[in-house]
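Data block below; observations after.
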Amino acid sequence: MTPDYFMNEALLEAKNAFAIGEVPIGAVIERDGQIIGRGHNLTETRKDPTAHAEIIAIRQAAETIGAWRLLGSTLYVTTEPCAMCAGAIVLARIERLYIGTMDPKAGACGSLMNIPRDERLNHNPEIHVGILEEECRQLMKDFFRDLRQKKKLL
């Protein structure tokens, strides 16, 4: 299976978020060719500031394998992780991170800062950027365009 395959799975998760009015970010975690965790943003639904796609996927993956160290795993996420999620990626010992599109306003994996590549930390995952970038970026653009249009109607 290719990175495109897993990023498409993350995009499906992002579309699930979009459908319920959440910021459309999706994530999947793969290990040995199998998806062991998946998630999409649920911050509004759960009224929980930590209910980001990456955190949900990390929790599910840890439950699936019965361990908090997600050694040998790869996280695919449609939009660059924030500082909270970047920290969780490091702490979970995720080996590789594939990012669809960067987030210049809140991204912490290369845009505003680069937490996973900070050499002072005890783990530094590989980072790959631009997997299905246009599809990931367009989903975010569509969501925020629709949100602005809805606000105009109020």
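Start at 1 with the first residue, then count along the sequence.
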Taking I94 as the starting point, is it possible to reach I65 by hopping between hydrophobic residues whose side chains are less than 4.5 Å apart? yes
Checking side-chain polar atoms at under 3.5 Å, does D48 have a donor or acceptor matched by the opposite partner on T50? yes
Would you find a donor on one side and an acceptor on the other, under 3.5 Å apart, between the side chain of R38 and the backbone of A27? no
Applying side-chain contact (heavy atoms from CB on, under 4.5 Å) to R145 and Q149, what does each step give before you reach the verdict? CA-CA 6 Å; R145 182 198 62 231; Q149 288 175 350; 4.0 Å; yes
Hey, mind stepping through H40 and L42 against side-chain contact (heavy atoms from CB on, under 4.5 Å) and telling me if it holds? CA-CA 6 Å; H40 56 270; L42 290 170; 3.8 Å; yes
Using 4.0 Å as the upper bound for N to carboxylate O, is an ion pair formed by K105 and D103? no
Is there a path of hydrophobic side-chain contacts, each under 4.5 Å between heavy atoms, that joins I56 and F6? no
Taking atom CD of Q138 and atom CD of E135, what is their separation to the nearest 0.5 Å? 9.5 Å
Are any side-chain N or O atoms of E30 and backbone N or O atoms of I35, one a donor and one an acceptor, separated by less than 3.5 Å? no
In terms of heavy-atom contacts, R46 and A51 come closest through CD-CB, 4.2 Å
So, the side chain of K47 versus the backbone of E44: is there a donor-acceptor pair under 3.5 Å, distance only? yes
Using modelled atom types and a 3.5 Å cut-off, is there a donor and acceptor pairing between side-chain atoms of E54 and backbone atoms of V77? no
So, taking the atom named CD1 in I115 and the one named CG in N124, what distance separates them when rounded to the nearest 0.5 Å? 12.0 Å
Would R96 and T74 count as having a side-chain donor-acceptor pair, cut-off 3.5 Å? yes
Check step by step if side-chain contact (heavy atoms from CB on, under 4.5 Å) holds for Q60 and I36. CA-CA 7 Å; Q60 189 179 93; I36 60 171; over 6 Å; no
E80 side chain to G110 backbone, donor-acceptor under 3.5 Å: yes
Do you know the tightest heavy-atom contact between P49 and T43? O-CG2, 4.1 Å
Between L11 and I29, is there shared hydrophobic-cluster membership here, with clusters defined by ILVMFWY side-chain heavy atoms closer than 4.5 Å? yes
Sidechain-backbone polar pair: R117 side chain, P125 backbone, donor-acceptor under 3.5 Å: yes
Under the 3.5 angstrom rule, does the side chain of T78 hit a backbone N or O of G100 as a donor-acceptor pair? no
Can you give me the closest heavy-atom contact between A92 and I58, atom names plus distance? CB-CG2, 4.2 Å
If you count heavy atoms of other groups shown closer than 6.0 angstrom to CD of Q34, is the number above 12? no
Atom OG of S111 and atom CE of M102: how far apart are they, to the nearest 0.5 Å? 3.5 Å
Looking at T79 and T101, would you say the former's side chain and the latter's main chain have a donor-acceptor pair under 3.5 Å? no
Are more than 12 heavy atoms, taken from residues, nucleotides or ligands other than E63, located less than 6.0 Å from that residue's CD atom? no
ILVMFWY cluster, M7 and F143 together (side-chain gap under 4.5 Å): yes
Any side-chain to backbone donor/acceptor pair from S73 onto L70? Under 3.5 Å, distance only. yes
Are I25 and I20 in one and the same hydrophobic cluster, where Ile, Leu, Val, Met, Phe, Trp and Tyr link if side-chain heavy atoms are under 4.5 Å apart? no
Is the backbone N or O of A53 less than 3.5 Å from a side-chain atom of N41, with the two atoms forming a donor-acceptor pair by type? yes
Would you name the heavy atoms of A17 and P24 that are closest together and state the gap between them? CB-CA, 3.9 Å
Please tell me if the side chains of Y76 and L97 come closer than 4.5 Å, counting only heavy atoms from C-beta onward. no
Where do C109 and I99 come nearest, in terms of heavy atoms and distance? CB-CD1, 3.8 Å
Determine, stepwise, if the pair T45 / E22 fulfils side-chain contact (heavy atoms from CB on, under 4.5 Å). CA-CA 8 Å; T45 302; E22 294 278 358; 2.7 Å; yes
Closest approach of F18 and D142, non-hydrogen atoms and distance? CE1-C, 3.9 Å
If the plane angle is over 60° it's perpendicular, under 30° parallel, otherwise tilted; pick one for H128 and Y98. parallel
